[in-house]
2 protein chains.
Amino acid sequence: MEDNGILLETLIGIFTIEHSKIKVLLTRRSEEPYKGYWSLLGNDLAFNETLENNVTDVVIEQAGLSNVNVEQCHTFSNLDRGLEDRKIAVTFIGIIDSKTVELKRQQNSYELGWFDIEDIPKTGFDHDYLINYMIDFLKKKLLNIASLKLLFPSDFSLPELQKVYEQILDKNLDRRNFRKKLLSLDLIEETGYFNEGYSGRPAKLYKFKSLSDEGDLF
Amino acid sequence: MEDNGILLETLIGIFTIEHSKIKVLLTRRSEEPYKGYWSLLGNDLAFNETLENNVTDVVIEQAGLSNVNVEQCHTFSNLDRGLEDRKIAVTFIGIIDSKTVELKRQQNSYELGWFDIEDIPKTGFDHDYLINYMIDFLKKKLLNIASLKLLFPSDFSLPELQKVYEQILDKNLDRRNFRKKLLSLDLIEETGYFNEGYSGRPAKLYKFKSLSDEGDLF
DNA sequence: GCAAAAGTGTTACTAGTACACCCATGC
DNA sequence: GCATGGGTGTACTAGTAACACTTTTGC
């Protein structure tokens with residue numbers, strides 16, 4: 001067959017929330033090409049594995065994370081995206097909450113960094129383009145309540161949640177209306193704890209009720 | 001590299017509306033394996049083409065169609081989906097209006113058939129699974145007004161449109177409310193013509209206004 | 001006490017839902 | 001004239017949008 005020579009790779013953008021900002025996990029390249037540049041995590045596909053197996057391994061081995069919700073995003077096949085070889089990228093997005101990130105943070109041989117999606121560093125290959133595609137994909141996905149719960153499993157405040165939605169929707173929301181909407185959905189309940197240690201009045205912390213609910217928030 | 005031997009194929013489900021029913025275009029296989037079964041249109045990927053180029057050629061050569069709106073759907077990489085080779089499928093959905101289908105219908109060497117998505121015939125390979133995935137993907141896409149315009153470029157009646165949405169949403173809609181909603185969006189206008197030749201009162205025909213509008217209908 | 005951020009209620013407007021009768025055509 | 005399917009209006013309900021002052025904390 002003619003497609004001998006076409007290589008397949010997976011590339012995953014793992015997203016979390018840190019201090020009410022959407023962040024993506026990148027790794028710094030330690031080798032040429034693009035040595036010193038940041039890039040998405042990923043791996044070439046082996047003959048006897050599925051894309052999903054491959055990307056699960058990437059998450060564990062390169063990011064040192066588990067419990068990441070992974071979903072396929074898009075497949076890119078431009079002729080010029082590999083440097084020497086013909087290379088097709090199947091991209092994924094991963095979602096994980098920041099508390100699990102803290103717990104699972106461990107040393108491995110990769111230099112990793114979380115970057116605000118509004119402030120992505122210089123990346124190698126076409127990853128800048130892919131990251132922007134992933135961000136659009138993520139934003140659509142996060143309009144759904146089930147996805148939101150992946151980012152905020154517990155102990156979040158409504159102002160935090162609101163700031164994330166303001167990034168997704170790219171507009172400011174009214175605090176009272178936002179609160180009213182969320183509480184009226186009967187999805188969340190107070191934990192009784194407060195978000196202390198910041199300036200200003202401490203915010204009440206909430207958690208999702210165990211009964212799962214689907215549907216879009218906006 | 002290890003992925004020598006992994007073949008890539010494109011597979012496309014082309015959708016249209018015929019008599020208010022959503023239909024998908026399949027071809028009957030003239031050779032083994034699965035000789036006599038129906039299957040999606042598609043082709044193996046060559047070294048020097050993108051997935052999008054490949055699928056555009058499939059549409060022209062196998063379906064005999066042009067003016068099809070094509071969008072990438074999902075990439076399937078199960079180890080057992082090829083029969084002898086390892087084969088990964090990148091799937092696409094295509095949308096075309098029925099009038100263009102009529103105009104472009106031409107003879108080629110492929111036996112083609114349009115099938116109601118509620119009544120798909122026996123298909124080869126894993127295409128039954130892929131078709132169902134595509135149908136879900138299509139339904140989400142058709143909630144958007146821009147996609148709807150691809151199916152109904154002109155001279156459609158509101159009852160026709162309503163029947164399509166009833167299939168997408170899988171519930172019955174009230175005629176008066178549907179009409180009120182569509183007219184209130186200021187998207188469509190009467191053509192002055194009527195849908196004659198059917199039993200009952202002829203329906204007014206509409207067309208979309210030239211100003212494009214985005215957003216979701218439901 | 002002052003700066004910072006969170007919590008709270010009411011009103012007006014807009015969109016969605018429910019529902020029953022008349023109209024135009026073919027036979 | 002009757003069967004078929006299309007067109008129309010109103011009342012009710014729910015959701016969204018606009019808007020300002022008070023509360024709790026850290027310093």
Side-chain angles (χ1 to χ4, degrees), chain A residues 17-21 143-145 148 152 154-207 213-218, chain B residues 17-21 143-145 148 152 154-207 213-218:
Chain A
I17 305 292
E18 235 179 57
H19 305 303
S20 305
K21 291 287 195 175
L143 295 177
N144 184 282
I145 291 160
L148 185 65
F152 295 100
S154 68
D155 294 299
F156 55 88
S157 71
L158 288 180
E160 278 182 282
L161 213 55
Q162 182 178 338
K163 279 172 205 146
V164 172
Y165 269 103
E166 286 175 339
Q167 289 170 72
I168 294 171
L169 300 169
D170 199 28
K171 64 176 179 188
N172 293 327
L173 300 172
D174 181 89
R175 196 147 28 110
R176 284 160 291 191
N177 293 336
F178 184 81
R179 170 177 294 272
K180 197 190 318 171
K181 177 158 185 163
L182 256 92
L183 294 176
S184 73
L185 291 169
D186 196 37
L187 285 172
I188 61 175
E189 55 190 358
E190 299 184 14
T191 62
Y193 296 97
F194 290 85
N195 196 13
E196 298 180 54
Y198 296 90
S199 78
R201 176 174 174 174
K204 287 182 187 173
L205 294 180
Y206 292 83
K207 62 180 178 186
D213 197 271
E214 304 296 311
D216 289 335
L217 193 46
F218 284 94
Chain B
I17 304 292
E18 236 179 55
H19 306 302
S20 303
K21 291 287 194 175
L143 295 177
N144 185 281
I145 291 159
L148 185 66
F152 296 100
S154 68
D155 295 297
F156 55 87
S157 71
L158 288 181
E160 279 181 283
L161 214 55
Q162 183 178 338
K163 279 172 205 146
V164 172
Y165 269 102
E166 287 175 339
Q167 289 170 74
I168 295 172
L169 300 169
D170 199 28
K171 66 177 179 188
N172 293 327
L173 301 171
D174 180 88
R175 197 148 27 109
R176 284 159 292 191
N177 293 337
F178 184 82
R179 170 177 295 272
K180 196 192 317 173
K181 176 157 188 165
L182 255 93
L183 294 176
S184 74
L185 290 169
D186 197 37
L187 286 172
I188 61 174
E189 56 191 355
E190 298 185 15
T191 62
Y193 297 97
F194 291 84
N195 195 13
E196 298 179 54
Y198 297 90
S199 78
R201 176 173 174 176
K204 288 182 186 172
L205 295 179
Y206 291 83
K207 62 181 180 187
D213 198 271
E214 305 296 312
D216 289 334
L217 193 45
F218 285 94

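We name chains A, B, ... by the order of the sequence lines, and we start the count at 1 in each one.
The CG atom of A:Leu183 sits 18 Å away from the P atom of D:dA14 (whole-angstrom rounding). Between B:Leu173 atom CG and C:dC19 atom P there is a gap of 15 Å when expressed in whole angstrom units. Between the P atom of D:dG5 and the CZ atom of B:Arg201 lies a distance of 15 Å, rounded to the nearest Å. Here the C1' atom of nucleotide D:dT25 and the CD atom of A:Glu196 are 9 Å apart, to the nearest Å. Following rounding to the nearest Å, A:Asn172 (CG) and D:dC19 (C1') show an atom-to-atom distance of 15 Å. In this structure, the CG atom of A:Leu158 is 10 Å from the C1' atom of C:dA6, given to the nearest Å. Separating the CG atom of B:Leu205 from the C1' atom of C:dA24 is a distance of 15 Å, rounded to the nearest angstrom. Distance A:Lys171 NZ to D:dT16 C1': 10 Å, rounded to the nearest Å.
With distances taken from any side-chain atom of A:Pro159 to the nucleotides D:dC19, C:dC23, C:dA6, the minimum falls on C:dA6. Checking D:dT16, D:dC19, D:dG7 against every side-chain atom of A:Asp174, the shortest atom distance belongs to D:dC19. Nearest to the side-chain atoms of B:Ala203 among the listed nucleotides C:dA6, D:dT25, D:dG7 stands D:dG7. Residue B:Arg179 places its side chain closer to D:dT8 than to any other of C:dC19, D:dT8, C:dG16. Side-chain proximity of B:Lys204 to the nucleotides D:dG7, C:dT25, C:dA5 is greatest for D:dG7. Considering only the side chain of B:Asn177, D:dG9 comes nearest among C:dA24, D:dG9, D:dT24.
Applying the salt bridge (Lys or Arg N to Asp or Glu O under 4.0 Å) definition to pairs two or more places apart or across chains, those involving residues 168-177 of chain A are A:Asp174-A:Arg176.
Nucleic acid contact for B:Asn195: none, since no nucleic acid atom lies under 4.0 Å from a heavy atom of the residue.
Ring-plane geometry between B:Phe178 and B:Phe218 is classed as parallel, the angle between the planes falling under 30 degrees on a 0 to 90 degree scale with a further cut at 60.
Here the OG atom belonging to A:Ser154 is positioned 11.0 Å from the OH atom belonging to A:Tyr193, to the nearest 0.5 angstrom.
Phosphate proximity of D:dG15 to A:Lys181: absent, as no side-chain N or O sits under 4.0 Å from OP1 or OP2.
B:Gln162 and B:Leu173 make their closest contact through NE2-O, 2.8 Å (heavy atoms, listed as atom of the first residue, atom of the second, distance).
Checking B:Leu187, B:Asn177, B:Leu161 one by one against B:Leu182, the side chain to side chain contact (heavy atoms under 4.5 Å, CB included) holds for a single residue, B:Leu161.
A donor and an acceptor atom sit less than 3.5 Å apart, one in the side chain of B:Arg176 and one in the base of C:dA20. Donor-acceptor pairing under 3.5 Å, judged by distance alone, is present between the side chain of A:Arg175 and the base of C:dG7. Checked by distance alone, B:Lys180 brings a side-chain donor or acceptor within 3.5 Å of a matching partner on the base of C:dT17.
Between B:Ser199 and B:Leu217, the residue anchored nearer the 5' end of DNA chain C, judged by the nucleotide with its closest heavy atom, is B:Leu217.
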